[in-house]
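First comes the structure, then the notes that go with it.
Scope of the values below: all heavy atoms of this structure, side chains included, with no hydrogens, waters or symmetry mates.
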Amino acid sequence: MRRARASRSCSAVGRLRTSLRQLIPLSSASSTSRQYLRCRGWFQCVRMSLRWARCRTRRPEALHRKRPVRLGYRAIHYESEEQDPPPSRPAVSNPVSTSTQHRENRSDAPLPLVHLRAPVDLREERLSDHAAVREVHLQAFGRQGDHVVALLEALRERFIPQDGLSLVAVEVGQVVGHVLSSGSRLDAPRRLVPVQVLSPLGVLPSRQRRGIGTALVRRGLDALTTRSVPVVILEGEPDFYPRLGFSPGGALGFRNRLCGSPMPAFQTIRLPAHEPWMTGALVYPDVFWQHDAVGLRTSAT
């Protein structure tokens with residue numbers, strides 16, 4: 001509607017200009033020329049009045065827009081008093097080529113480093129994984145790798161799969177982590193209670209600090225929960241396992257009678273199948289004793 005009103009105003013100005021030229025031709029005498037100049041000045045006044053009238057007919061909110069309003073041969077920006085005039089921009093003839101040039105200019109800047117992590121598959125250990133699992137623990141435990149691998153193979157042969165759980169983490173077809181839990185007994189006041197001992201847990205050094213060990217432990221706890229295991233016990237790093245729900249065993253009524261086992265490292269977690277009377281001393285299976293894998297040994301001085 002506003003565009004139609006503007007076109008009508010411009011057409012009215014054109015008709016007025018034509019009528020004035022017809023009434024006062026340019027070939028007249030000098031007096032007529034002076035009269036023509038006076039009429040031309042009156043015509044300019046009429047034209048400016050029409051332009052001002054058109055501005056008054058616009059809605060107030062339209063005056064706050066930065067879109068140019070074209071009047072005749074000029075483009076006028078109507079800005080509010082509070083706003084600053086828009087910055088001048090050079091005309092862009094080809095936006096596609098300009099954006100391509102912008103990308104080319106940015107090619108010299110260094111790109112941010114993005115660490116792409118492949119998805120890790122958690123599943124039960126297979127027969128074909130034994131060699132890769134052995135390599136994982138050899139690299140993870142360093143000098144004690146051979147001792148841990150010997151314990152692992154003995155526990156696997158004794159408890160897997162009847163009374164234990166062995167999980168691996170596979171990344172792009174490569175085994176990068178492993179955890180094993182084996183059956184044990186808890187000397188509770190009423191009777192011996194079957195529990196699980198979580199050991200060992202290992203992740204390749206190049207894949208550590210990425211949550212793989214945490215994911216293995218949590219998946220193992222979920223699987224043991226479905227088997228109605230009441231308690232999982234371990235001897236491990238006091239700064240790592242509490243984030244997974246483990247707590248010092250002594251505060252929960254669990255005891256370790258070994259003199260070589262530091263109390264902060266003896267940690268337990270109670271699963272939904274646990275009952276209040278299920279407390280007492282942990283009885284390690286004979287495999288741990290055969291490989292001297294219970295507690296810590298101090299070197300003789």
Side chain to side chain donor-acceptor pair (under 3.5 Å) against R227, all qualifying residues, sequence neighbours excluded: none
- request: Can you tell me which residue pairs pass the ring pair (Phe, Tyr, Trp, His ring centres under 6.0 Å) test with a partner in residues 189-223, sequence neighbours excluded?
  value: none
task: Verify whether one side chain among Y284 and E235 offers a donor that lies under 3.5 Å from an acceptor in the other.
output: yes
- prompt: Restricting to pairs with a member in residues 217-237, which pass ring pair (Phe, Tyr, Trp, His ring centres under 6.0 Å), not counting sequence neighbours?
  reply: none
query: For R219, what residues pass the side chain to side chain donor-acceptor pair (under 3.5 Å) criterion, not counting sequence neighbours?
result: none
message: Tell me every residue that passes side chain to side chain donor-acceptor pair (under 3.5 Å) with S166, counting only those two or more places apart in sequence or in another chain.
response: E125, H178
Side-chain donor-acceptor distances from residues 263-271 under 3.5 Å, at least two apart:
residue, atom, partner, partner atom, Å
Q267, NE2, G236, O, 3.2
Q267, NE2, E237, O, 3.4

field: Other residues, nucleotides, ligands: >12 heavy atoms within 6.0 Å of Q144 CD
entry: no
- line: Residues passing the side chain to side chain donor-acceptor pair (under 3.5 Å) test with R158, sequence neighbours excluded, are D286
- prompt: Other than L192, which residues form its hydrophobic cluster under the rule that side-chain heavy atoms must be closer than 4.5 Å?
  reply: none
- line: ring pair (Phe, Tyr, Trp, His ring centres under 6.0 Å) pairs touching residues 138-177, sequence neighbours excluded, are H137-F141
- request: Check the pair L282 / F254 against side-chain contact (heavy atoms from CB on, under 4.5 Å), numbers first and verdict last.
  value: CA-CA 7 Å; L282 175 65; F254 300 95; over 6 Å; no
message: Test of understanding: with salt bridge (charged side-chain N to carboxylate O under 4.0 Å, His left out), list the residues that count as partners of R134, not counting sequence neighbours.
response: E153
- request: Kindly give the cluster partners of L138, where membership spreads through any ILVMFWY side chain lying under 4.5 Å from a current member.
  value: V149
task: Any chance you could lay out the side-chain contact (heavy atoms from CB on, under 4.5 Å) test for Q196 and D163, step after step, and finish with the verdict?
output: CA-CA 9 Å; Q196 289 283 315; D163 192 17; 3.4 Å; yes
message: Could you go through V217 and L201, starting from their C-alpha distance and side-chain angles, then the distance that decides it, and tell me whether this counts as side-chain contact (heavy atoms from CB on, under 4.5 Å)?
response: CA-CA 8 Å; V217 174; L201 169 65; 3.7 Å; yes
message: Test: ring pair (Phe, Tyr, Trp, His ring centres under 6.0 Å). Region: residues 188-208. Which pairs qualify, not counting sequence neighbours?
response: none
